[in-house]
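So the structure is just underneath, and the comments pick up after that.
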Protein chains: 2
Amino acid sequence: MNEAAPQTRIQKRNTRVILDAALEIFSQHGFRGATLDQIAQAAGLSKPNLLYYFPSKEAIHVALLSGLMDTWLDPLRRLDPEGDPVEEIVGYVRLKLQMARDFPRESRLFANEIVQGAPRILDQIEGPLKALVDEKAAVIGTWAEAGRIAPLNPHHLIFSIWATTQHYADFDAQVRGILPADAAPFEEAETFLADFFRRALSIR
Amino acid sequence: MNEAAPQTRIQKRNTRVILDAALEIFSQHGFRGATLDQIAQAAGLSKPNLLYYFPSKEAIHVALLSGLMDTWLDPLRRLDPEGDPVEEIVGYVRLKLQMARDFPRESRLFANEIVQGAPRILDQIEGPLKALVDEKAAVIGTWAEAGRIAPLNPHHLIFSIWATTQHYADFDAQVRGILPADAAPFEEAETFLADFFRRALSIR
DNA sequence: ATTTCGTTTGACCGTTTGGTCAAATCCGGG
DNA sequence: CCCGGATTTGACCAAACGGTCAAACGAAAT
């Protein structure tokens, strides 16, 4: 079997269906809390059929995580060293919040994994993720040194952006439990976070 | 059995030992990922002995969550309406960050629970937690209206404090994977967050 | 029509898991 | 020292779980 090149279109379709179902289940229950039967049912397939496309439960999980990592990092990659510093960062905040709104399952998948020590993706964190963050932190650092934004630790600034935006996906249950029933968390958050980061960053 | 008043001192000791062991295991693996055998071993007791003190695995989990909720909310309760607005809020940030540093297991326990939809504590969130947050948000709201801090949505300001501080406990694996090996995440975070919130809040 | 290869499944297996129970052990008060 | 209730445990159970396998099915090509 040629693993590098997935062949038939039915194979492509089923792996997609499986990964989507697995995302739904894993993000809701975590790796250990999810069962192959649940994933199989959500995918509309039988359990042995799942294991025809993926060798194990863990293989599905790993495939999900590494396949999603790129998408997840994309907004940060777009932070432009040539742009206006405050607008670039606030724009990144907005993009990240939109991702939390539009892809909450992906956010919770990572959250589940990292809260439990990131056993399956620690190497990806220490490798490509760290490299990208270091690169962009350096950009923000030069902005700070040039006096174009407030002098704040760039790495921790990035952490604060991740924390505040992903909060609305990962802790959705808490946010909605506290806000009034008719509130629109993500719309309110967009206004708040844009103001908030703009105030913290701009030099006056 | 009188449930309202735990009797013997051996009962008190063992329930404490069990809850501490359960905190360790649940916070590392989540509810579904933790096993009674793991908890029993961590507590130095046999599995049937655990179930002599608690009727079920879920009962241990619930006891932990509700017992910790009070402690967890204490810093917010101390936010003083009569104090200096910016200093009160920055002080709250500091306290919350210290809790993340000193009680990461508690933080991760809640994180695990809420990420998965808070099925076991949704009523506590919508009840006492919401009440306290609404009360303190109102205080912050009057500060904002009086022009003593920047005009920011109080509820979302509180969310941003929770998100940024708990991030260092819940996503510790990621933070340490990205920061240099010799970094001191919590010390850096204290400086960063104090500056950050002070800049965002203060009127200049 | 037959071959061939990709796909699907019912039945099954060994292990793990939460929980039970009767019997044994411990321990303080009389 | 003895008694009765509190405590502890080895043995056990049923269900759930991840995973296997041989057999059946499907469809396209010859």
Side-chain angles (χ1 to χ4, degrees), chain A residues 1-65 112-113 116 119-120, chain B residues 1-65 112-113 116 119-120:
Chain A
M1 198 194 298
N2 185 353
E3 301 200 12
Q7 303 96 330
T8 77
R9 78 201 64 146
I10 188 172
Q11 234 172 42
K12 272 186 193 166
R13 174 174 58 87
N14 276 353
T15 52
R16 259 213 336 271
V17 168
I18 290 172
L19 287 176
D20 187 69
L23 174 59
E24 183 73 24
I25 304 299
F26 279 137
S27 67
Q28 269 178 47
H29 306 286
F31 178 75
R32 194 62 162 38
T35 72
L36 285 177
D37 291 279
Q38 282 178 299
I39 298 173
Q41 191 182 352
L45 301 173
S46 67
K47 185 169 60 169
N49 206 4
L50 277 199
L51 295 164
Y52 172 72
Y53 291 100
F54 291 90
S56 70
K57 179 185 177 182
E58 182 154 350
I60 302 177
H61 198 239
V62 170
L64 257 186
L65 287 169
N112 264 305
E113 179 70 8
Q116 300 185 10
R120 280 165 261 269
Chain B
M1 198 195 298
N2 185 354
E3 299 200 14
Q7 303 95 329
T8 79
R9 77 198 66 143
I10 188 171
Q11 234 170 44
K12 272 184 192 167
R13 175 175 57 88
N14 277 353
T15 52
R16 259 213 336 270
V17 168
I18 290 171
L19 287 177
D20 187 68
L23 174 59
E24 184 73 24
I25 305 299
F26 279 137
S27 66
Q28 268 179 46
H29 306 286
F31 177 76
R32 195 57 162 40
T35 72
L36 284 178
D37 291 278
Q38 282 177 299
I39 298 172
Q41 191 182 351
L45 300 174
S46 67
K47 185 169 61 170
N49 206 3
L50 278 199
L51 295 164
Y52 172 73
Y53 291 100
F54 291 89
S56 69
K57 179 184 177 182
E58 182 155 351
I60 302 178
H61 198 240
V62 170
L64 257 186
L65 287 169
N112 264 306
E113 179 70 7
Q116 299 185 9
R120 280 165 263 269

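Within the 4.5 Å cutoff, the side chain of A/K47 has no heavy atoms near those of the A/T35 side chain. Residues A/F54 and A/L19 form a side-chain contact, since some pair of their non-hydrogen atoms from C-beta on lies under 4.5 Å apart. Within the 4.5 Å cutoff, side-chain heavy atoms of B/R120 are placed close to those of B/F31. No side-chain heavy atom of A/L50 sits less than 4.5 Å from a side-chain heavy atom of A/K57.
At D/dC17, one or more side-chain N or O atoms of B/R32 fall inside 4.0 Å of OP1 or OP2 (strictly under the cut-off). Checking the phosphate oxygens (OP1, OP2) of C/dG6, no side-chain nitrogen or oxygen of A/Q11 falls inside 4.0 Å.
At the heavy-atom level, B/R13 lies nowhere under 4.0 Å from the strands shown. At the heavy-atom level, B/F54 lies nowhere under 4.0 Å from the strands shown. Within the nucleic acid shown, A/A59 has no heavy atom closer than 4.0 Å to any nucleic acid atom.
Rounded to whole angstrom, the span from the NZ atom of B/K12 across to the P atom of D/dA6 amounts to 16 Å. Atom CG of A/L50 is separated from atom P of D/dT20 by 13 Å (rounded to the nearest Å). We find that CD of B/Q41 is positioned 14 Å from P of C/dT16, with the value rounded to whole Å. Between the NE2 atom of B/H61 and the P atom of C/dG19 there is a distance of 13 Å, given to the nearest Å. The distance between atom CG of B/D37 and atom C1' of C/dT16, rounded to the nearest whole Å, is 9 Å. Here C/dA24 presents its P atom at 18 Å from CG of B/N49, a figure rounded to the nearest Å.
For B/S46, the side-chain atoms get nearest to D/dT9 when compared with the rest of D/dG18, C/dT7, D/dT9. When the nucleotides D/dT20, D/dG19, D/dA6 are ranked by their closest atom to the side chain of B/Y52, D/dA6 comes out on top. Of the candidates C/dT9, D/dT8, C/dG18, C/dG18 carries the atom nearest the B/L36 side chain, counting heavy atoms from C-beta on. Taking the side chain of B/Y53 as heavy atoms from C-beta on, and the options D/dA11, D/dG18, D/dT7, the nearest nucleotide is D/dT7.
Of the two residues contacting DNA chain D, namely B/N14 and B/K47, the nearest-nucleotide position lying further toward the 5' end is that of B/N14. Nearer to the 5' terminus of DNA chain D, by closest-nucleotide assignment, is the contact made by A/Q38 (compared with the other of A/Q38 and A/P48). Residue B/L51 is the one, among B/L51 and B/I10, whose nearest nucleotide of DNA chain C lies closer to the 5' end (criterion: closest heavy atom).
Side-chain atoms of B/K57 stay outside donor-acceptor range of the base of C/dG19, with no qualifying N/O pair under 3.5 Å.
Ring geometry for B/F26 against B/H61 counts as perpendicular: the plane angle is over 60°, on a 0 to 90° scale with 30° as the lower cut.
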